[in-house]
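Have a look at the structure below, then the notes.
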Amino acid sequence: MIRILSLSLGLVALAALGGLWLTSTPSQPPGLSLTPIPAAHAETAPQVESFTLGDPDAPIKLEEFASFTCGHCGTFHDEVFKQLKADYIDTGKVHFTYREVYWDPYAIWAGLLARCGGEMRFFGIVSTIYQKQSDWIDPKDPSKTAESLRQIGRTAGLENDQMEACLSDAALAAALRDHSAEMTDKAGVNATPSIVIDGQLYKNMRYRDLKKILDDKLAG
């Protein structure tokens, strides 16, 4: 996906503030900001660990680079990832790593929420974020977007105070953004979703094409 949401937010920002993404307003929920995040200081930045599924000793290592605001990533999650998980991850053939890509502020909000429940709830919240992608993303209304994300969190069992603490964590937001830039640059990723299989980069693909690659690898 060519960063459509980021572009849309940027156009609103340029018109309103000449460079900031969006201005804060009295109606904007506390704890969330669309203004640029300051650079993280290496000595104080939180460590960002990527979440994984499957057997770490599986014969194939697969990484998915995806953005919570990417429509193609939502489609990939629904049409490809579910089959990948059932056929290869849950059967011990693939060790899966989810690489979060942050190219716009709404994606960072979603990432902060997804991580708020810890490792046990992470993939469940991620799944809901993608399933409800068309409902929670509103490029013109940050307040509506924020409240929709909070509702996803409540459905996942997160408490309001817990969510506010997570969504107010500017240090983690900066660390997530910087880690995303480092990982995408290292892997050569410039679009989402992208897949890295045993170190080789692939573009978005249908499940049958991914299945062929994996089966060929397993066959040796």
>> Could you walk me through whether Tyr130 and Phe68 satisfy the ring-ring contact (aromatic ring centres under 6.0 Å, His included) test, starting with their C-alpha distance in whole Å, then the side-chain angles of each, then the deciding distance to 0.1 Å, before giving a yes or no?
In response: CA-CA 7 Å; Tyr130 281 126; Phe68 293 117; 5.7 Å; yes
> Hey, mind stepping through His95 and Asp55 against side chain to side chain contact (heavy atoms under 4.5 Å, CB included) and telling me if it holds?
Replying inline: CA-CA 5 Å; His95 184 237; Asp55 183 356; 5.8 Å; no
> Could you go step by step and tell me if Val101 and Thr184 meet the side chain to side chain contact (heavy atoms under 4.5 Å, CB included) rule?
Replying inline: CA-CA 7 Å; Val101 177; Thr184 53; 3.9 Å; yes
> Can you list the steps and then say if Leu112 with Leu149 is a side chain to side chain contact (heavy atoms under 4.5 Å, CB included)?
Replying inline: CA-CA 10 Å; Leu112 291 171; Leu149 282 172; over 6 Å; no
> Yes or no on side chain to side chain contact (heavy atoms under 4.5 Å, CB included) for Asp209 and Ile213, after CA distance, side-chain angles and deciding distance?
Replying inline: CA-CA 7 Å; Asp209 298 322; Ile213 293 171; 5.7 Å; no
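Closest non-hydrogen pair, Ile129 versus Ala110, comes out as CD1-O, 3.6 Å. Shown here for Asp169 and Leu172, the closest heavy-atom pair between the two residues is OD1-N, 3.0 Å. The two residues Ala173 and Ile108 come nearest to each other via the heavy atoms CB-CG2, 3.8 Å. The shortest heavy-atom contact between Tyr106 and Asp138 is OH-O, 2.9 Å. Here the closest non-hydrogen pair linking Tyr102 and Gly111 is OH-CA, 3.2 Å. Smallest separation of non-hydrogen atoms from Ser67 and Ala107: OG-CB, 3.9 Å.
By the 6.0 Å contact criterion, NZ on Lys211 is open, its count of non-hydrogen atoms from other residues, nucleotides or ligands being 12 or less. Other residues, nucleotides and ligands contribute over 12 non-hydrogen atoms within 6.0 Å of the NZ atom of Lys82. At most 12 heavy atoms of other shown residues, nucleotides or ligands fall within 6.0 angstrom of atom CD in Glu159. For Asp216, the CG atom counts as densely surrounded, since its 6.0 Å shell holds more than 12 non-hydrogen atoms of other residues, nucleotides or ligands.
When side chains are defined from C-beta on, Cys166 does not count as touching Arg115, because their heavy atoms never get closer than 4.5 Å. The shortest distance between side-chain heavy atoms of Ile195 and Glu63 does not fall below 4.5 Å. Here the side chains of Leu214 and Ile60 are in contact, with some heavy-atom distance below 4.5 Å. Residues Thr192 and His72 have side chains not in contact (no heavy-atom distance under 4.5 Å, counting atoms from C-beta outward). Two residues are said to be in side-chain contact when any heavy atoms from C-beta on lie closer than 4.5 Å; Ile125 and Leu158 meet this criterion. When side chains are defined from C-beta on, Asp135 does not count as touching Ser148, because their heavy atoms never get closer than 4.5 Å. Residues Arg99 and Val189 have side chains not in contact (no heavy-atom distance under 4.5 Å, counting atoms from C-beta outward). Contact annotation: the side chain of Phe65 never approaches that of Ser180 to less than 4.5 Å [non-hydrogen atoms, C-beta and beyond].
A distance of 12.5 Å separates OG1 in Thr145 from NZ in Lys140, rounded to the nearest 0.5 Å. Taking CE from Met183 and OG from Ser50, the interatomic distance works out to 7.0 Å, rounded to the nearest 0.5 Å. Interatomic distance, Leu84 CG to Leu62 CG, rounded to the nearest 0.5 Å: 6.0 Å. Atom CZ of Arg121 sits about 11.5 Å away from atom OG1 of Thr128, to the nearest 0.5 Å. Here the straight-line distance linking atom CD of Gln162 with atom CG of Leu113 works out to 9.5 Å at 0.5 Å rounding. Note that the CE atom of Met205 and the NZ atom of Lys212 stand 11.5 Å from one another [nearest 0.5 Å].
Of the N and O atoms on the side chains of Asp215 and Tyr88, at least one donor lies less than 3.5 Å from an acceptor on the other residue. Side chain to side chain, Asp87 and Tyr207 meet the donor-acceptor criterion of an N or O pair below 3.5 Å. With 3.5 Å as the limit, one finds a donor-acceptor pair spanning the side chains of Thr69 and Asp104. Side-chain polar atoms of Glu147 and Ser143 form no donor-acceptor pair below 3.5 angstrom.
Classified by interplanar angle (parallel below 30°, tilted 30° to 60°, perpendicular above 60°), the ring pair Phe96/Tyr98 is tilted. Note: Phe123 and Phe51 have perpendicular aromatic rings, judged against thresholds of 30 and 60 degrees for the angle between ring planes.
Side-chain atoms of Gln133 come within 3.5 Å of backbone N or O of Cys70 as a donor-acceptor pair. With hydrogens and angles disregarded, no donor-acceptor distance shorter than 3.5 Å links the side chain of Ser168 to the backbone of Ala165.
A salt bridge links Arg150 to Glu164: one of the charged nitrogens lies within less than 4.0 Å of a carboxylate oxygen.
Partners of Asn160 by side-chain contact (heavy atoms from CB on, under 4.5 Å), not counting sequence neighbours, listed by chain and number: Arg154, Met163. Evaluation of the salt bridge (charged side-chain N to carboxylate O under 4.0 Å, His left out) rule for Lys61 yields no partner, not counting sequence neighbours.
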